[in-house]
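In what follows, chains are A, B, ... by sequence order, proteins preceding strands, each numbered from 1.
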There are 2 protein chains.
Amino acid sequence: MLAAERRDHLLGLLARDGKVVAKDVAADLGISEDSVRRDLRDLAAEGLVQRVYGGALPVSPAVVDYATRQSVAPDGKRAVASVAAGLVRPGGAVILDGGTTALAVARALPPDLGCTVITHSPTIAVALLDHPGAEIFLLGGRVFKHSAVAYGAAAVEAAQNVSADLCLLGVTGVHPEAGLTTGDAEEAAMKRALSARAAETYVLASSEKIGTASRFRVLPWERVTGVITDADPHDAVVRQVQELGVEVLTAG
Amino acid sequence: MLAAERRDHLLGLLARDGKVVAKDVAADLGISEDSVRRDLRDLAAEGLVQRVYGGALPVSPAVVDYATRQSVAPDGKRAVASVAAGLVRPGGAVILDGGTTALAVARALPPDLGCTVITHSPTIAVALLDHPGAEIFLLGGRVFKHSAVAYGAAAVEAAQNVSADLCLLGVTGVHPEAGLTTGDAEEAAMKRALSARAAETYVLASSEKIGTASRFRVLPWERVTGVITDADPHDAVVRQVQELGVEVLTAG
DNA sequence: CCCGTTGTTGCACGTTTCTGCATGTACGGT
DNA sequence: ACCGTACATGCAGAAACGTGCAACAACGGG
């Protein structure tokens with residue numbers, strides 16, 4: 001066993017398990033714990049691992065901003081998010097819009113689900129850092145502070161280079177006649193661009209959005225596969241949407 | 001179960017459930033309540049949790065932010081970050097690399113300084129959301145979990161479309177002969193691409209990086225305008241770097 | 001081919017750190 | 001005011017750590 005080979009092995013273990021225990025590795029490879037410790041020390045000096053008592057951890061945890069973990073979504077949004085997360089298939093690719101509901105979806109994804117998440121929200125990207133299974137693709141562009149997502153021409157252009165099975169879209173208004181609407185024209189354009197890159201588009205609509213309309217149209221109903229909501233399935237508006245041929249998934 | 005791993009687990013529980021009960025965690029992990037209490041005490045000392053009778057609660061986001069300024073960025077990095085933030089001119093554009101030191105720079109920017117920040121780190125983008133003056137441009141791409149930044153081909157390509165007055169680069173090794181180095185080849189390429197888009201490049205190098213070298217070269221000294229460090233200005237390595245014609249800014 | 005140099009590996013040692021238990025104290029609910 | 005629970009502190013055993021040392025292999029020059 002070459003020294004360099006050992007170091008690669010350690011990095012591999014770290015990537016796979018998220019940790020390395022000096023004692024276990026030494027027993028596995030049949031070498032002394034001292035050698036493992038020496039390797040870990042060297043790797044730590046190069047900034048490739050974070051040395052801790054008993055072994056080593058990946059370097060990322062220190063980078064994660066705990067502040068973004070704080071906000072807790074209300075029950076309704078969490079229920080919607082949970083249903084939406086269930087639509088994501090292992091090995092599949094999902095486009096996640098910005099907004100608090102989409103953030104809740106990201107958090108609701110099983111940590112080990114192997115899937116690709118495409119998003120224009122840096123907040124969601126950060127939230128997914130500790131999901132070992134998720135591959136994150138971030139769409140860049142100018143970041144607008146009030147919605148905390150990247151949009152504008154650069155972001156729309158970046159979106160042209162991806163495609164996915166599923167797009168989960170947050171909107172501010174869901175109305176039988178007006179369709180899906182939002183309060184900002186640029187935002188609407190971005191959501192349209194995202195939706196166009198996915199085979200299916202589901203809308204995340206917690207109950208307070210149902211029956212309301214904002215100024216800018218995102219999509220007409222023909223382009224929507226389904227709506228995920230926590231509203232009463234017998235609600236008049238919900239029934240109307242269903243009659244338009246749109247699937248309605250109701251959550252708890 | 002490593003001690004550091006346990007602490008991460010506690011922070012994770014806190015983020016997910018909004019609280020931690022010492023007794024339950026001890027039973028769950030099969031360890032003594034004393035260990036849990038000790039961990040919580042340490043985390044509380046760092047300001048990451050709020051200790052209460054029976055367990056712990058999250059601290060308010062504002063306090064977390066303050067705490068992470070204090071603890072995640074040790075004095076040295078904070079001093080470096082403060083000097084670096086002083087190089088950013090009102091109305092100017094700065095390219096901010098990823099890493100904890102660069103994150104500290106973002107936080108050290110005066111909130112009302114009108115400037116454009118270009119970054120490939122979603123963490124930094126999120127941190128800048130509450131800086132009213134900063135315009136944020138995010139470079140997209142595949143997000144690598146261990147360093148929490150976007151790089152790869154897409155990110156390098158995105159970087160080609162921007163330009164800035166100043167680039168602040170974090171590295172893991174600063175060595176008179178080896179130049180600036182880091183532990184990952186893709187990361188090195190990304191840093192090179194960023195540096196190429198700015199008129200001037202300064203390197204953020206807290207003292208423990210000085211005199212060390214990693215596997216992959218980022219830039220030779222000719223392409224570096226200056227180094228910002230908290231190391232002793234009379235240090236032998238620092239003097240050597242100065243003799244290479246590189247400006248050395250020492251902090252605190 | 002030989003020998004000195006260099007770098008690596010495992011072992012032994014003393015030191016530091018962690019963990020669980022015991023004790024006595026402080027807190028909170030009833 | 002009482003009693004059970006959580007707490008801080010001290011202690012001892014265990015585990016992990018760093019360092020120095022010796023054995024060993026790889027390499028290059030003579």
Side-chain angles (χ1 to χ4, degrees), chain A residues 1-14 17-59 61-62, chain B residues 1-14 17-59 67 71-72 74 76 172-173 175-178 181 183 206-216:
Chain A
M1 167 80 59
L2 274 53
E5 205 178 344
R6 237 174 25 223
R7 292 178 28 139
D8 283 349
H9 183 70
L10 287 171
L11 290 175
L13 284 178
L14 204 56
D17 305 336
K19 69 168 178 176
V20 164
V21 180
K23 190 182 171 183
D24 299 351
V25 179
D28 260 19
L29 302 181
I31 56 178
S32 76
E33 295 181 32
D34 297 74
S35 294
V36 179
R37 272 197 282 273
R38 263 187 276 250
D39 288 338
L40 289 179
R41 195 194 310 161
D42 292 347
L43 291 172
E46 292 184 29
L48 298 177
V49 308
Q50 181 194 349
R51 193 74 174 83
V52 298
Y53 199 88
L57 294 175
V59 288
Chain B
M1 168 80 62
L2 301 169
E5 205 180 345
R6 237 174 23 224
R7 291 179 28 140
D8 282 349
H9 183 71
L10 287 171
L11 289 174
L13 283 178
L14 205 55
D17 303 337
K19 68 171 178 176
V20 164
V21 180
K23 191 179 170 183
D24 299 349
V25 179
D28 260 19
L29 301 181
I31 56 178
S32 75
E33 296 181 32
D34 297 77
S35 293
V36 179
R37 272 196 280 274
R38 263 188 276 252
D39 287 337
L40 290 178
R41 196 192 309 162
D42 293 346
L43 290 172
E46 291 181 42
L48 297 174
V49 308
Q50 182 195 346
R51 195 73 174 81
V52 296
Y53 200 87
L57 295 174
V59 286
S71 68
V72 169
T172 57
H175 194 274
E177 284 141 36
T181 50
S206 44
S207 53
E208 78 271 14
K209 317 278 177 62
I210 301 288
T212 72
S214 295
R215 200 187 296 270
F216 298 99

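We find the CG-OG1 distance between A:Leu48 and B:Thr172 to be 7.0 Å, quoted to the nearest 0.5 Å. B:Leu13 CG to B:Lys19 NZ: the interatomic distance, rounded to the nearest 0.5 Å, is 11.5 Å. The line from CG of A:Leu29 to CD of A:Glu5 is 9.5 Å long, rounded to the nearest 0.5 Å.
Here the P atom of nucleotide C:dT8 and the CZ atom of A:Arg6 are 9 Å apart, to the nearest Å. Per the geometry, CD belonging to B:Glu5 stands 15 Å off C1' belonging to C:dC18, to the nearest Å. Put simply, CZ on B:Arg41 is 16 Å from P on C:dT17, counting in whole angstrom units.
Look at B:Glu46 and B:Arg7 and you find a salt bridge, because one of the NZ, NE, NH1 or NH2 atoms lies within 4.0 Å of a carboxylate O, short of that distance. At a threshold of 4.0 Å, the pair B:Arg6-B:Asp39 counts as salt-bridged, since one of the basic side-chain nitrogens sits closer than that to a carboxylate oxygen.
Looking at which nucleotide of DNA chain D each of A:Arg37 and B:Lys23 is closest to, the 5′-most match is held by B:Lys23.
Residue A:Val52 is classed as a sugar-phosphate contact, given heavy-atom separations below 4.0 Å to backbone atoms only.
Interface limits on DNA chain D: the 5'-most and 3'-most nucleotides within less than 4.0 Å of chain B heavy atoms are D:dT5 to D:dT9.
In this model, the phosphate group of C:dC18 is not approached by any side-chain N or O of B:Ser35 to a distance below 4.0 Å at OP1 or OP2.
Between A:Arg37 and A:Arg51, the closest side-chain pair of non-hydrogen atoms falls below 4.5 Å. Annotation: side chain of B:Leu11 is in contact with side chain of B:Val49 (closest heavy-atom distance under 4.5 Å). In this structure the side chain of B:Leu40 reaches within 4.5 angstrom of the side chain of B:Leu10, judged on heavy atoms.
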Per-nt protein contacts along nucleotides 21-30 of chain C (heavy atom under 4.0 Å; B base, S backbone sugar-phosphate only, - none) come out as BB----B---

